[in-house]
Amino acid sequence: MGLKGFAEGGVASIVAGCSTHPLDLIKVRMQLQGEAIATAAPIHQSLSALQPPRVGPISVGLSIIKHDGAKGLFSGVSATVLRQTLYSTTRMGLYEILKTKWTDPDTNTLPLARKIAAGLIAGGVGAAVGNPADVAMVRMQADGRLPLSQRRNYKSVVDAISQMSKNEGIGSLWRGSSLTVNRAMVVTASQLASYDQFKEMILERNLMRDGLGTHVTASFAAGFVAAVASNPVDVVKTRVMNMKVEAGKAAPYSGAMDCAVKMVKAEGPLALYKGFIPTISRQGPFTVVLFVTLEQVRKLFKDM
């Protein structure tokens, strides 16, 4: 039963990740808007007045298609597959194990606090396992926004991990890992725990029957909660992972806090919510596809 939980969660996560990849790509590109200003600004100087106009998700998407074609919307999809295989398989399987272990056998209920605790633990462990794929995915998604002379031009996720290890050391594969773990803990706790909680509330109050409508409603609600809670950490994580560290030069950011401070100073507090529209646009469909697919996969695996 434990292995089935990992397999079911992994398959559902890969399907959900690939189907919503274009929205995730747009989110990353939007999160990196204004990065050059932030890294160039002295900490005591505000350059908000020099910020270029912010471009919305539709414009970003159309720009990607214009320069790279429709296939450009799937830049880094191989890294998404590997990330979901490592990260989401681990977090989904571990969450189910903890949820089953902590459920009261007499009442068959699990308090919200324990659901959140299960999500925090499962998300943290999954993120630690999947961080190399996460770094590769961010870089592959961000590559298309750079001038041709500055692009890394990774051919695949394997090539990305290989080049990072060779040129920047093995440690680069875990760059931003603390942020990845923090974000994953927040996302998993808010997404999985809130989905279970919303679903239980809907069924207990007889608002809807247990079916597709309930799953979709609970999924979108959980996706919104996850997006609001995780976006600031996600923006900082994206920038730290994407930064280019050159030999003999100081890194653009010394750490997560330095990155956050520079962003807010140069771009304003709302910079922490850059890419929020595509984030929420992705989290909703991702969560719906994730749980609908999960239910179908469970049916297939039921008698195995």
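Quick caveat, the model's predicted, so the values are computed rather than measured.
- Using modelled atom types, no side-chain atom of Thr293 and backbone atom of Leu290 make a donor-acceptor pair closer than 3.5 Å.
- Looking at Glu267 and Lys262, no side-chain N of the basic residue comes within less than 4.0 Å of a carboxylate O on the acidic one, giving no salt bridge.
- Of the N and O atoms on the side chains of Tyr95 and Asp196, at least one donor lies less than 3.5 Å from an acceptor on the other residue.
- Donor-acceptor pairing under 3.5 Å is recorded for the side chains of Gln191 and Arg91.
- A salt bridge is absent between Arg152 and Glu168: the closest approach of a Lys/Arg side-chain nitrogen to an acidic carboxylate oxygen does not fall below 4.0 angstrom.
- For the pair Val228 and Phe276, the minimum side-chain heavy-atom distance is below 4.5 Å.
- In this structure, Cys259 SG and Leu179 CG are separated by 8.0 Å, a value rounded to the nearest 0.5 Å.
- The closest donor-acceptor contact from the side chain of Ser177 to the backbone of Trp174 lies under 3.5 Å.
- Between Asp234 atom CG and Gln283 atom CD the span is 8.5 Å, to the nearest 0.5 Å.
- Partner Glu96 forms a salt bridge (charged side-chain N to carboxylate O under 4.0 Å, His left out) with one of Lys4, Lys101, Arg298 and no other, that one being Arg298.
- One finds the OG1 atom of Thr188 at 3.5 Å from the OH atom of Tyr87 (value rounded to the nearest 0.5 Å).
- In this structure, the side chains of Glu8 and Met92 stay at 4.5 Å or more apart for every pair of heavy atoms.
- Taken to the nearest 0.5 Å, the OG atom of Ser219 stands 9.0 Å off from the NZ atom of Lys199.
- The closest side-chain heavy-atom distance from Val81 to Cys18 is below 4.5 Å.
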